[in-house]
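Note sheet for the following structure.
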Amino acid sequence: MTKLLEWLLGVSFVGIAWGLVTFDLLDLQLPSVCKEVAWPIPVYLLVVFGCYSLATVGYRVATFNDCEDAAKELQAQIKEAKEDLKQKGLKM
Amino acid sequence: SAAVQVSSVMRSTNKSQQRGDKYSVLLPTYNERENLPLIIWLLVKYFGDSGYDFEIIVIDDGSPDGTLQVAEQLQKIYGEDRILLRPRAKKLGLGTAYIHGIQHATGNFVIIMDADLSHHPKFIPRFIEKQKEGGYDLVSGTRYRGDGGVYGWDLRRKLISRGANFLTQVLLRPGASDLTGSFRLYKKEVLERLVERCVSKGYVFQMEMIVRARQLGYSVGEVPISFVDRVYGESKLGGNEIVSFVKGLLTLFATT
């Protein structure tokens with residue numbers, strides 16, 4: 001199964017469950033509280049997911065390591081390499 | 001302490017010789033005259049220190065800047081058993097460069113990395129240890145975990161990178177944290193099978209490799225790496241790259 005199908009399956013499962021409760025399609029005589037809670041849930045989910053995404057990406061950008069030391073080490077090694085290669089007879 | 005170092009080198013040499021493992025490093029190059037000697041010097045240094053058997057396969061795609069001539073000089077310095085030159089007449093893309101390189105590789109493991117010094121050979125011994133530790137089919141370097149990171153990226157670049165990575169994780173759940181990185185160690189036969197199946201280009205190619213690896217049930221290990229953006233030459237991330245990345249991502253989303 002492709003990831004697209006997995007998503008469609010998941011979304012339609014949630015959608016069906018939501019529709020059943022909100023419009024009481026099975027005539028279960030659910031208390032009206034259930035309906036009131038259920039109908040805005042898709043919007044809640046979207047908002048929560050959006051917030052989670054922004055927070056996660058924001059946090060990860062803020063904590064992205066800057067490898068200053070790695071850059072310095074590399075610069076020093078480049079110098080060393082150039083001298084050594086020159087000695088070994090490399091012509092650039 | 002020199003004696004200790006020598007004996008530890010000899011120990012690890014014996015260890016890897018007993019197992020008969022050999023590591024072939026594929027270096028696809030295009031106009032890397034400045035960087036090639038440096039990356040090869042570093043590779044020789046770190047393989048020498050750790051004692052693993054290795055060869056470096058330079059696949060130059062007809063660079064007009066004379067990369068191949070520099071590579072020939074390096075071959076004279078380090079020997080024809082260490083540096084193999086397998087040039088091609090013109091630029092033909094990464095996937096075919098790997099196929100071309102694998103055909104000439106004598107190692108049972110293949111390491112792929114960029115020749116522009118953004119991937120540091122000091123991590124290779126860690127890749128090898130990680131592979132041995134878990135018997136992994138492939139070990140991928142990751143900029144997004146542990147001590148991993150980048151150097152030389154501004155906020156915009158970091159934001160795009162993290163955003164794209166998050167989106168990919170949500171859509172594909174690939175079980176690896178760095179999908180677009182191209183510093184990896186593969187069992188040779190695993191790389192052969194993957195390259196056959198991968199059709200994408202550019203960033204998406206690396207992503208497809210790891211997604212297909214998961215699909216085929218291969219195990220993936222990860223090692224944090226520091227990515228130091230190009231020292232010589234330019235690296236670009238423009239609108240075109242982003243559009244083709246999104247296209248590739250959606251293609252993988254719909255087909256894997």
Side-chain angles (χ1 to χ4, degrees), chain A residues 1-18 41-92, chain B residues 33-35 37-42 44-45 66 69-70 73-74 76-78 117-118 120-122 143-153 155-167 169-174 211 215 224-229 231-232 250 252-256:
Chain A
M1 188 159 53
T2 66
K3 286 288 182 288
L4 175 64
L5 276 179
E6 283 177 25
W7 270 85
L8 289 177
L9 214 69
V11 169
S12 40
F13 181 77
V14 172
I16 289 166
W18 176 79
I41 272 187
V43 180
Y44 281 151
L45 286 179
L46 273 179
V47 171
V48 167
F49 177 69
C51 290
Y52 168 74
S53 304
L54 283 179
T56 309
V57 172
Y59 177 76
R60 287 177 181 173
V61 169
T63 57
F64 214 151
N65 278 338
D66 277 310
C67 306
E68 303 277 348
D69 294 342
K72 275 188 205 135
E73 183 195 12
L74 181 62
Q75 285 305 334
Q77 286 181 326
I78 286 174
K79 234 178 123 187
E80 196 188 339
K82 280 185 173 165
E83 280 163 20
D84 187 47
L85 285 165
K86 213 170 157 186
Q87 266 186 0
K88 289 193 163 88
L90 181 81
K91 291 179 200 73
M92 295 284 282
Chain B
R33 186 185 58 190
E34 299 275 336
N35 289 319
L38 304 172
I39 190 80
I40 286 182
W41 187 86
L42 285 167
V44 171
K45 172 182 159 71
Q69 285 71 40
V70 173
Q73 290 189 55
L74 289 161
K76 286 203 187 83
I77 292 171
Y78 290 112
L117 298 176
S118 55
H120 199 296
K122 71 181 172 188
R143 298 162 288 181
Y144 301 117
R145 245 186 212 164
D147 301 332
V150 292
Y151 175 80
W153 281 14
L155 195 64
R156 172 181 169 272
R157 185 80 195 255
K158 284 180 175 177
L159 188 65
I160 293 170
S161 172
R162 284 296 201 183
N165 186 262
F166 180 79
L167 185 66
Q169 295 291 342
V170 169
L171 291 181
L172 301 180
R173 280 171 285 129
V211 169
Q215 207 182 16
I225 58 160
S226 53
F227 178 93
V228 178
D229 213 349
V231 179
Y232 298 108
L250 292 178
L252 287 176
F253 181 58
T255 58
T256 64

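Side chains included, hydrogens not; waters and symmetry mates left out as well; all remaining heavy atoms used. Below, chains carry the letters A, B, ... as their sequence lines are ordered, and counting in each starts from 1.
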Can you tell me which of [options] forms the most heavy-atom pairs within a distance under 4.5 Å of chain A?
{"options": "B:T256, B:L74, B:V170", "result": "B:T256"}
{"options": "B:L252, B:V70, B:L172", "result": "B:L172"}
{"options": "B:S161, B:G149, B:S226", "result": "B:G149"}
{"options": "B:R33, B:R143, B:R173", "result": "B:R173"}

So which heavy atom on [X] is nearest to which on [Y], and how close?
{"X": "B:R162", "Y": "A:R60", "result": "NE-O, 3.1 Å"}
{"X": "A:T2", "Y": "B:A254", "result": "CG2-O, 3.3 Å"}
{"X": "B:Y151", "Y": "A:E68", "result": "CE1-OE1, 3.6 Å"}
{"X": "B:K158", "Y": "A:V61", "result": "O-CG2, 3.9 Å"}
{"X": "A:A81", "Y": "B:L38", "result": "CB-CD2, 3.8 Å"}
{"X": "A:N65", "Y": "B:G148", "result": "ND2-O, 2.8 Å"}

How long is the span from the [atom1] atom in [X] to the [atom2] atom in [Y], to the nearest 0.5 Å?
{"X": "A:L90", "Y": "B:I40", "atom1": "CG", "atom2": "CD1", "answer": "9.5 Å"}
{"X": "A:C67", "Y": "B:I225", "atom1": "SG", "atom2": "CD1", "answer": "9.0 Å"}
{"X": "B:Q69", "Y": "A:K91", "atom1": "CD", "atom2": "NZ", "answer": "13.5 Å"}
{"X": "A:T56", "Y": "B:N165", "atom1": "OG1", "atom2": "CG", "answer": "11.5 Å"}
{"X": "B:W41", "Y": "A:L85", "atom1": "CH2", "atom2": "CG", "answer": "7.5 Å"}

Study note, to complete from the structure: In terms of heavy-atom pairs under 4.5 Å with chain B, the winner among A:G89, A:A70, A:G58 is A:A70
Check your understanding: Is the closest side-chain heavy-atom distance between A:L74 and B:H120 below 4.5 Å?
Key -> yes
Review point. So do the side chains of B:V228 and A:E73 get within less than 4.5 Å of each other, counting heavy atoms only?
Key: no
Review point. Does any heavy atom of chain B fall under 4.5 Å from the side chain of A:E80, the backbone, both, or neither of them?
Key: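 Both backbone and side chain.
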Exercise for review: Please flag which part of A:Y59 lies under 4.5 Å from any non-hydrogen atom of chain B: side chain, backbone, both or neither.
Suggested key: neither
Review point. According to the interplanar angle, ranging from 0 to 90°, do the rings of A:W7 and B:F253 count as parallel (below 30°), tilted (30 to 60°) or perpendicular (above 60°)?
Key: perpendicular
Check your understanding: Is the B:Y144 ring parallel, tilted or perpendicular to the A:F64 ring (thresholds 30°, 60°)?
Key -> tilted
Side chain, backbone, both or neither: which part of [X] has an atom under 4.5 Å from a heavy atom of chain A?
{"X": "B:L159", "result": "both"}
{"X": "B:K76", "result": "neither"}
{"X": "B:T255", "result": "backbone"}
{"X": "B:L42", "result": "side chain"}

Exercise for review: May I ask you to check whether over 12 heavy atoms, not counting those of A:D84, lie within 6.0 Å of atom CG?
Suggested key: yes
